[in-house]
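Quantities reported herein were computed from a predicted structural model and do not represent experimental measurements.
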Amino acid sequence: MYSVALVQNQSEMSHYGYADARPLLDGYDYRLFTGDNITDLPALLARRQFNALVLGSNALNDKDILHALGNPEFAACLGEFLAAGRGFLCLQQIGLAMRRGPTLSVLPEPFGRLLPTVLPRGDTALRSGRLEVGSPAAPHVALTYPTMIDPEQVRAHAIAFRSLPGLYWHYWDQVDRGDWDQLIVDPTPDAVRSLVLATKESVPGRAVVSALPLDWQKHRELFRNLLVYVAEGRHTLATVNLKEGHGTFEYIRESLYSRWLPFGQYLLPDDLSDVDRNLRLGIHSTLLIGSELRLADLPPSLLSTVEEAVRGGRLRVVDIGSGAFGVRSMSVVSQELRPRRLLQATELEIQAELRAGYIDDSFWSHVETLQTVDQLPERAVDYGRLQDAAFEITRNHDRGGSYDEIFGPTCAYYWLRARYLGVDSREARETAVWLRRAMPDYEPYDRALAYLVFASMGQLTPAEGSDLDVTVRGLDYSALSESELLQYLRAVLAAGLPSDLVASLAVALAGRRRDGVWVDVTTTATAVNTLLDAHARLRGDPTYEQVVKQVEGPVRAAVIVLLRMLAQAEASPEQSPYPWEGKARTTTKCLQAWLKFEVLQDLPVFELLENLGRADRDATQVASSRTALMVLQETSEENARLRVENAAMQVALDGATRGLRVRTYVLGAVVLVAYVLITLMVGLLILSNWALDRAVAIGFVAGWGFHSGLAALLLTVLGLYLPLRKRRAR
C-alpha cells in the first residue's frame, strides 16, 4: 500500500473542523506531522518511508513547520526524495503569501522560486474569478484520471462551500513555464494567474502545487486525482477482469501493489465506460486482461477501442491464455512502442526550445522539425500555441513578406505562416505573392521547393502542377544529386502527379544509396520517409510491383543503419535529449522513418528484442546462480572429504607421536646406561683390577670435569639444533 506523510497546522486543525485532510486519504497509509514532531520528517524522507509528502493548506503558517522545512537543507532532502521517484503535493499557503516575499523554498532550485502572491486590494477573483484548464489541447493526466475534472464544477463547489466560500486567496507568481505545466489557471484581463501547477514530466519525481484549498474545501475528486498522481505516478498499466475475481488474478494485483507498480483496476461490466474512456484518452499504454477473460471475449465496444489503440501504436495488450505442458501462457499484442516513447521525450524538449525561439537555434531546423512532427499522427502537442517567440524573431528578417529576400528560406517562411496563421491570413498571402512573383527567375530545383510547400498547404495551382510535371519529365536523373532527386520526388508526391513519375524518381533515388545511407543521417531519414511514401502510393498496383520491391530493400537497410546509430547514442556516456546527432531536426526525421517502416514491417521488433533481452538476462542470472551453487556443492563435498581424511590423519599422527615419545625415552635410557657402563669400564681399565668402588671414584669423581664439559657441549648442540629444526618444520 502507498504511504503519505501529511503535514498540517495543529492550530488550524483545532479551530476549524474542515482543516484536516485525513478523511481524504482513504486507501493510503499515512502519518501526521505537526509542529510537535516535524523535526522527525527529514530523516524519514531520507529513508524513503513514504511515497509522497502532502503539505496541507496553511501548514507553513506554523513557525515550527516553516523553520523545519523552509531551509536549504530540507530543500535538498526533498529534492533527493523527488529524484527517487516520489511525489510532493503542496496546497494553499495563504500564511506564507501574506508575508509578502518568501518563495516556496521547501522545494529545491529552480522549483523553489515560486512566489505565493496575495490577491491585490479590491480584486474580485475570490468570488468572480474563472477556473480553466491550463492546456486545453492536452490536459494533464492529473486532470483526467481517475476522474475527468471539470473546472466549472470545481468553481461551483468552492463558491458554495459554506464554511469557507471562495475560489482562491493567492496565486503562484514567478512561474517558469520551462519548469512547470499549468494545470488550472484564472485568465484575468491583465494576466493568466497560475493556480495549480505540476513539474514537467521530463524531470524526476512529481511535484504539484495548488493555490486552491482543495483539502479545506473537500474537493474530493480533484484532491484524489492529484494525490494519485504524486503518490503513485502515471497509471500506464490497466487491468480488466470480471467482477467476480479469481485467485490467480488477485495474486497478480497484490504482486503489483507489493512492487509499487501503479495500475488502474477495472471490473466488468460495472467499469466498462471508465476503461473505454481512459483507453481513448491514452491514459493507459498497457492493458492486462484477467485470467477469466480473453481478448476476444471483451464487450464489442471495448474491443473496438482496444483495436483502434493497438493499431494506432498507443496500447500494448497482455492476454493470459491456457498455455501448454501444464504452464499458463502469456501473449502480447502490440505495435512498436519504443519510437513513440522517444517521440514523447523529444516533444517535451521541443516545447522547451520553442519558448526560447527557434528549434535547434536554426530557422531551417525549426521549420523542418515542425513539418516532420506535423505529419506524425502520434504527436501530442499543439505547436501553433508555441510559435510566439519564433514569429518574434522572423519579424527581424521580414522583407515585404520574404525571409531576407532569399528564395529557399522564404518557402519555409510561407509554410510557417500558412500552417500556424492560416493559408488565408494576410501574412501567408503576402509571402505567397512574393514567391510567385520571384519563381520565374529561379532554377527548376528552387521552383520545386515552392511547389512542395504550396501543395502541402493545398494551394498549388493547376498551372504550377503542370509546370512541375513538364519539368520532372525533362530531367536527366543521372545528372542529379541525391538531394535534388529527393526534392523532386517529395514535390511530385505532394502535388499528386502521375505514378510513373513517382516510380522513376523512386528507383533513381533508391539506387543512389552508399553503404546503407544517402549522404548523411538527415538526408537518409528524409529519403526513407519519402521512399516509404512512394511505396504506399505504388503498392497494390501490379504495374509497379517490381518498383515496390526495389524500394523495400534499400529502405530496410537504411532503417537498420538508423537504429544502429540510436543504439550507439544510447550507449554513449554523453547522453543527449535528441539521440540522433543531438538535433531535434534529425531526431524527428529518424523517428518518422522508424514509425513509417514499422507499419510496413508489421512486427514490433524492439518489443520482441526487449522481451528476448530480458529473458536472456534472467537466463544468464539463473545459469550463473546454478553454476555457483554447483561449485559451492562441490566445494562442500570436498571440504567434508578433507575433514574425514584430516581426522584419520590426526589419529595416525597421535599414535605416531606417542610411539616416537616412547622410543625417545627408551633410547635416552639406553644411552644413559651405556654412558655409565662405559665410564665404569674406563675406571676398571685404569686400575687393572676389578675393584668396583675405586673404579666408580676414578670414573665419575676424578672425571667430573670431563663429564661437565661433555654435558655443556651437548646442551650447546641441542640449543642450536632445535630452533633450526623448528624453522625447517615451518
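With sequence neighbours left out, the ring pair (Phe, Tyr, Trp, His ring centres under 6.0 Å) criterion links Tyr28 to no other residue. Residues satisfying the side chain to side chain donor-acceptor pair (under 3.5 Å) test with Ser57, not counting sequence neighbours, are Asp215.
In this structure, Ile149 and Asn225 have side chains that are in contact, with non-hydrogen atoms separated by less than 4.5 Å. Taking the side chain as every heavy atom from C-beta outward, Val185 and Leu195 never approach each other to under 4.5 Å. Between Leu237 and Leu256 the shortest side-chain heavy-atom distance falls below 4.5 Å. Side-chain atoms of Val133 and Leu143, non-hydrogen and from C-beta on, do get closer than 4.5 Å to each other. With a 4.5 Å cut-off on side-chain heavy atoms, Gln174 and Leu114 do not count as touching. Side chains of Leu45 and Gln49 form no contact here, defined as non-hydrogen atoms less than 4.5 Å apart. In this structure, the side chains of Val196 and Trp172 stay at 4.5 Å or more apart for every pair of heavy atoms. Using a 4.5 Å heavy-atom cutoff, the side chains of Leu268 and Leu293 are in contact.
Checked against the 6.0 Å centroid criterion, the rings of His284 and Tyr266 qualify as a close aromatic pair. Residues Tyr2 and Tyr257 keep their aromatic ring centres 6.0 Å or farther apart. Close placement of the Trp180 and Phe111 rings is indicated, their centers lying within 6.0 Å of each other.
In plain terms, the two heavy atoms of Asp276 and Leu302 that are nearest each other are OD1-CA, 3.8 Å. For the pair Ser301 and Leu272, the tightest heavy-atom approach, listed with the atom from each and the gap, is OG-CD2, 4.2 Å. Taking all atoms of both residues into account, the shortest heavy-atom contact from Tyr358 to Glu353 is O-OE1, 3.9 Å. The nearest pair of heavy atoms linking Gln217 to Pro165 is NE2-C, 4.4 Å.
One side chain, Thr286 or Arg316, offers a donor N or O that lies under 3.5 Å from an acceptor on the other.
The structure places CG of Leu197 at 10.5 Å from CD1 of Ile184, a figure rounded to the nearest 0.5 Å. Between the CZ atom of Phe33 and the CG atom of Leu69 there is a distance of 10.0 Å, given to the nearest 0.5 Å. Separating the CG atom in Leu32 from the CE atom in Met13 is a distance of 5.0 Å, to the nearest 0.5 Å. Atom CG of Leu55 is separated from atom CD1 of Ile65 by 7.5 Å, given to the nearest 0.5 angstrom. Interatomic distance, Ile38 CD1 to Asp36 CG, rounded to the nearest 0.5 Å: 10.0 Å. Rounded to the nearest 0.5 angstrom, Leu222 CG and Arg224 CZ are separated by 12.5 Å.
For CG of Asp123, the number of neighbouring non-hydrogen atoms (other residues, nucleotides, ligands) closer than 6.0 Å is greater than 12. Residue Glu221 qualifies as open at atom CD: its count of foreign heavy atoms under 6.0 Å is 12 or below. In the displayed structure, Lys63 atom NZ is contacted under 6.0 Å by at most 12 heavy atoms of other residues, nucleotides or ligands. Other residues, nucleotides and ligands contribute only 12 or fewer heavy atoms inside 6.0 Å of the OH atom of Tyr16.
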Gln182 and Ser194: side chain to side chain donor-acceptor pair (under 3.5 Å), yes or no, with the steps? CA-CA 6 Å; Gln182 292 179 312; Ser194 299; 2.7 Å; yes
Test salt bridge (Lys or Arg N to Asp or Glu O under 4.0 Å) applied to Arg206 and Glu201, step by step: CA-CA 7 Å; Arg206 301 166 300 278; Glu201 291 192 78; over 6 Å; no
Can you list the steps and then say if Gln351 with Tyr383 is a side chain to side chain donor-acceptor pair (under 3.5 Å)? CA-CA 8 Å; Gln351 288 185 74; Tyr383 292 97; over 6 Å; no
Report the C-alpha separation of Asp20 and Gln8 in whole Å, then their side-chain angles, then the decisive distance to 0.1 Å, and conclude whether the side chain to side chain donor-acceptor pair (under 3.5 Å) test is met. CA-CA 7 Å; Asp20 189 353; Gln8 292 189 153; 3.1 Å; yes
Take Leu242 and Leu267, measure what side chain to side chain contact (heavy atoms under 4.5 Å, CB included) needs, and give me the verdict at the end. CA-CA 5 Å; Leu242 295 176; Leu267 299 177; over 6 Å; no
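At a threshold of 4.0 Å, the pair Arg113-Asp176 does not count as salt-bridged, since none of the basic side-chain nitrogens sits closer than that to a carboxylate oxygen. The residues Arg280 and Glu308 are annotated as salt-bridged, a charged nitrogen and a carboxylate oxygen being separated by less than 4.0 angstrom.
For residues 144-165, every residue pair satisfying the side chain to side chain donor-acceptor pair (under 3.5 Å) rule, not counting sequence neighbours, is listed here: Tyr145-His235.
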